There are 2 protein chains.
Amino acid sequence: MSAATKEKLLEGALRTLVEQGIAKASARTIAATAGVGQGLIFYHFGSVDELLAAACRFGAEQRVARYRERLAALNSLTELLEFARSMHEAERAAGNVAMLGQLLAAGQSSPVLAAATADGLGLWIQELESVLSRLLAATPLDGYADPAGLARATAASFIGIELYEGVDPQGAGSALDALEQLAGLAAGLEGLGSLSQRVVRRGLRRGAR
Amino acid sequence: MSAATKEKLLEGALRTLVEQGIAKASARTIAATAGVGQGLIFYHFGSVDELLAAACRFGAEQRVARYRERLAALNSLTELLEFARSMHEAERAAGNVAMLGQLLAAGQSSPVLAAATADGLGLWIQELESVLSRLLAATPLDGYADPAGLARATAASFIGIELYEGVDPQGAGSALDALEQLAGLAAGLEGLGSLSQRVVRRGLRRGAR
DNA sequence: GTCTATACATGGATAGAC
DNA sequence: GTCTATCCATGTATAGAC
């Protein structure tokens, strides 16, 4: 049956990307992982790139859906930071972040993969952006920080650090620690009194140019 | 002559990586770019991966050397920020950041490339770390922010954003803008009076856990 | 020691079988 | 409509020529 084969291929593509990387994600390897004939990729998806693109969108939607309601229920940057830590750890373990990194790199020279990766990343960014714009409003950063830009910077940075982890686990650990400290700084602003907040705002205006 | 061929191959590998990405960086393609026979890669470097590894170290050293003295001459975070902007723009245009991204992704499943990329990135990180630890000392972040971790986070984040730019130029632009605002915040702290600095320090201690 | 011609492996894609 | 057997391009690696 067609639908079953298509899904086997999507799962096979995801598993191959996560376990062996884009370099090994050939039609033959993916088909073997999926347990189907190699030619089926071209029948069902047209090309390897298009299968990978479909798998990217499929996988990202699957993963983001896991967190959507819980993100909407958060009430402070501190809570977000706490939640983000466990979320990142879970996605890292699932190999999802590294997979996006692989596709992102491949997307540099494949328009099909570029569009798919932008879409997949976009799902994460959308969630981040909406929770950030809701929560930043309660801090002195309101009106100063741009939630859309921050969401994109955060998503891209995590992917960069995750890729970095693959070549220097210890260095990546210290990078994540440093960012957590920085995020904790912003979260700490929530707890300041109104006088201190005013001082901070003045500092921000001066820092801006 | 041997040395000339080796250098042609190193340059050819760099050009291929920058212009066509890791996916096209095969022995045939690189050799064609370098204008030499394909088999020479294996004679001089043993394998394609080892050539790419050598090229990565070669290229990173070349690029970092350009900035070493100028970074050492900087005297404030504001100056650093200004300089970093032009430096990043120049490297971006040269394709160097994207190349590191390509190698970083490939390094996930190739120990040889992983080691080389870690080394290449390490050169940038080393420069960043030394200038950051020197300049952060003059701000309220002194003792709070970890220069080693920040340098690694910065380098990895820029690579992530650069890869992101390949699939969503506009989104990457807003991400960079947001980070510049954030960096400007830290730079602004330099100009605060001692009372305000004390308030900020108190906030930081509260934000830390 | 340096390089080229050639062998062998893997990958993408499709014509045609069911 | 679904799938398999087969073709051709591209890739790695080396035996042997110079």
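Proteins get letters first, then strands, A, B, ... in listed order; numbering begins at 1 in each. Quantities reported herein were computed from a predicted structural model and do not represent experimental measurements. Reckoned from all heavy atoms, side chains included, excluding hydrogens, waters and symmetry mates.
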Hits for salt bridge (charged side-chain N to carboxylate O under 4.0 Å, His left out) against A:R66, two or more places apart or cross-chain, chain-then-number order -> none
Sequence neighbours left out, cut at 3.5 Å: what donor-acceptor pairs do the side chains of residues 119-128 of chain A make with other protein atoms?
unit_1 : atom_1 : unit_2 : atom_2 : d
A:D119 : OD2    : A:R57  : NE     : 2.8
A:D119 : OD2    : A:R57  : NH2    : 2.9
A:E127 : OE2    : A:R68  : NE     : 2.9

For A:Q62, the side chain to side chain donor-acceptor pair (under 3.5 Å) test, sequence neighbours excluded, returns none
Original post:
Hey, does the side chain of B:S2 come within less than 4.0 Å of C:dG1's phosphate (OP1/OP2), counting only N and O?
Top reply: no
Rounded to whole Å, NZ of A:K24 lies from P of C:dT10 at a distance of 9 Å
- Task: May I ask you to evaluate whether B:T5 reaches the phosphate of C:dT2, defined as a side-chain N or O under 4.0 Å from OP1 or OP2?
- Result: no
In B/S/- notation (B base, S sugar-phosphate only, - none; protein heavy atoms under 4.0 Å), nucleotides 12-18 of chain C written 5' to 3' is BBB----
In short, salt bridge (charged side-chain N to carboxylate O under 4.0 Å, His left out) pairs touching residues 150-162 of chain A with sequence neighbours left out are A:E129-A:R152
- Would A:T16 and A:T33 count as having a side-chain donor-acceptor pair, cut-off 3.5 Å? yes
note: A:K6, atom NZ; D:dG1, atom P; distance rounded to Å ~ 13 Å
Check: Taking only side-chain nitrogens and oxygens of B:H44, does any of them come within less than 4.0 Å of OP1 or OP2 of C:dC3?
Finding: yes
Here the side chain to side chain donor-acceptor pair (under 3.5 Å) pairs for residues 98-107 of chain A, sequence neighbours left out, are none
Atom CD1 of B:I22 and atom C1' of D:dG11 are separated, to the nearest Å, by 14 Å
Separation of D:dG11 atom C1' from B:L51 atom CG, nearest Å, is 15 Å
